[in-house]
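Let me begin by presenting the structure, written as structure tokens, before commenting on it.
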Amino acid sequence: MGSIGVLLLSQVAPYLEQELNKRYNLFRLWDYPKKSHFLTQHGASIRAVVGRSTSGADSELIDALPNLEIISSSGVGVDKIDLIKCKEKGIRVTNTPDVLTDEVADLTIGLILALLRRICECDRYVRSGNWKRGDYKLTSKFSGKTVGIIGLGRIGTAIAKRAEEETHHIINREVISALGPKGFLINIGRGKHVDEPELISALLEGRLGGAGLDVFENEPHVPEELLGLENVVLLPHIGSATVETRTVMADLVLGNLEAHFLGKPLLTPFI
Ligand SMILES: O=CC(=O)O
């Protein structure tokens, strides 16, 4: 399979990159300062694209790769891939579902605890020497609190597929007001699910208790206003980012590519 051209869209776990490099004729998009030059020179030799949930293939890229057969994404979200175009052109798409569920759920609990018990702020309190001036203020208990989860189970996914925009800004002013000054918002899904300007004004005006965010509307740019707030915990989209989980995800990406090129059924097909 060494002659098969595979395009890697962005940096991935070193293990995945090394394995792709061993097995295929690997092109790293970031090695080419001008994407258009790369596409003119090598576009026709690319039969597979490997991306992540934050770097997918848009319609322009898909059109520039006339021999593309499969997009294998290391991540569960496929919102950065033009799925309609893939269907039209018969391009297969795979993702890495299930294997990262525990990791994201663990991090969510970590984020909730960090937010309610103000763990990051407490850490800064100790480091800055402020503890010598007195105890840290009291925080909020997590056990016993009501937790509302807005997510995509099987039914939600089916609905979302029929109405793509259904989840855009699903967390709006109304939902934020319902949470209120004693409520906390955790977002480990997608930035666009939350109306960010509304969230920011609610936090600034004390209409929402706090927010724990792993994702943002315009990643990796985080609104300035959030950076100065103590009642928020901000993470750089690391839901599945552990060595263990990223290795299992990498094996799924490799397994899907191998299955495709051997003409076997895909392990985790999305399309
Ligand atoms: O955001 C992460 C993913 O979709 O895997």
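Count residues from 1 along the sequence. All ligand and atom numbering here is 1-based and tracks the order in the structure.
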Requested in this report: May I ask you to decide whether Arg124 forms a salt bridge with Glu121, counting only side-chain N to carboxylate O separations under 4.0 Å?
Outcome: no

Query raised in the report: Is the shortest distance from a Lys or Arg side-chain nitrogen in Lys85 or Asp58 to a carboxylate oxygen in the other one below 4.0 Å?
Result: no

In a table with atom names and distances, give each donor-acceptor pair under 3.5 Å that connects a side chain of residues 35-46 to protein atoms at least two apart or in another chain.
{"from": "Thr40", "atom 1": "OG1", "to": "Ser36", "atom 2": "O", "distance (Å)": "2.6"}
{"from": "Ser45", "atom 1": "OG", "to": "His42", "atom 2": "O", "distance (Å)": "2.8"}

Report task. Check the surroundings of atom CD in Glu174: do more than 12 heavy atoms from other residues, nucleotides or ligands lie under 6.0 Å from it? Result -> no

If you look at each N/O of ligand 1, which protein N/O atoms lie under 3.5 Å away, and at what distance?
{"from": "ligand 1", "atom 1": "1 (O)", "to": "Ser53", "atom 2": "OG", "distance (Å)": "3.2"}
{"from": "ligand 1", "atom 1": "1 (O)", "to": "Arg190", "atom 2": "NH1", "distance (Å)": "2.9"}
{"from": "ligand 1", "atom 1": "1 (O)", "to": "Arg190", "atom 2": "NH2", "distance (Å)": "3.4"}
{"from": "ligand 1", "atom 1": "1 (O)", "to": "His237", "atom 2": "NE2", "distance (Å)": "2.6"}
{"from": "ligand 1", "atom 1": "4 (O)", "to": "Val76", "atom 2": "N", "distance (Å)": "3.3"}
{"from": "ligand 1", "atom 1": "4 (O)", "to": "Gly77", "atom 2": "N", "distance (Å)": "2.7"}
{"from": "ligand 1", "atom 1": "4 (O)", "to": "Arg190", "atom 2": "NH2", "distance (Å)": "2.8"}
{"from": "ligand 1", "atom 1": "5 (O)", "to": "Val76", "atom 2": "N", "distance (Å)": "2.7"}

Query raised in the report: Does the Glu258 side chain pair with the main chain of Gly255, one donor and one acceptor, at a distance under 3.5 Å?
Result: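 No, Glu258 side chain to Gly255 backbone: no donor-acceptor pair under 3.5 Å.
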
Query raised in the report: Any donor-acceptor pair under 3.5 Å linking the side chain of Asn21 with the backbone of Glu17?
Result: no

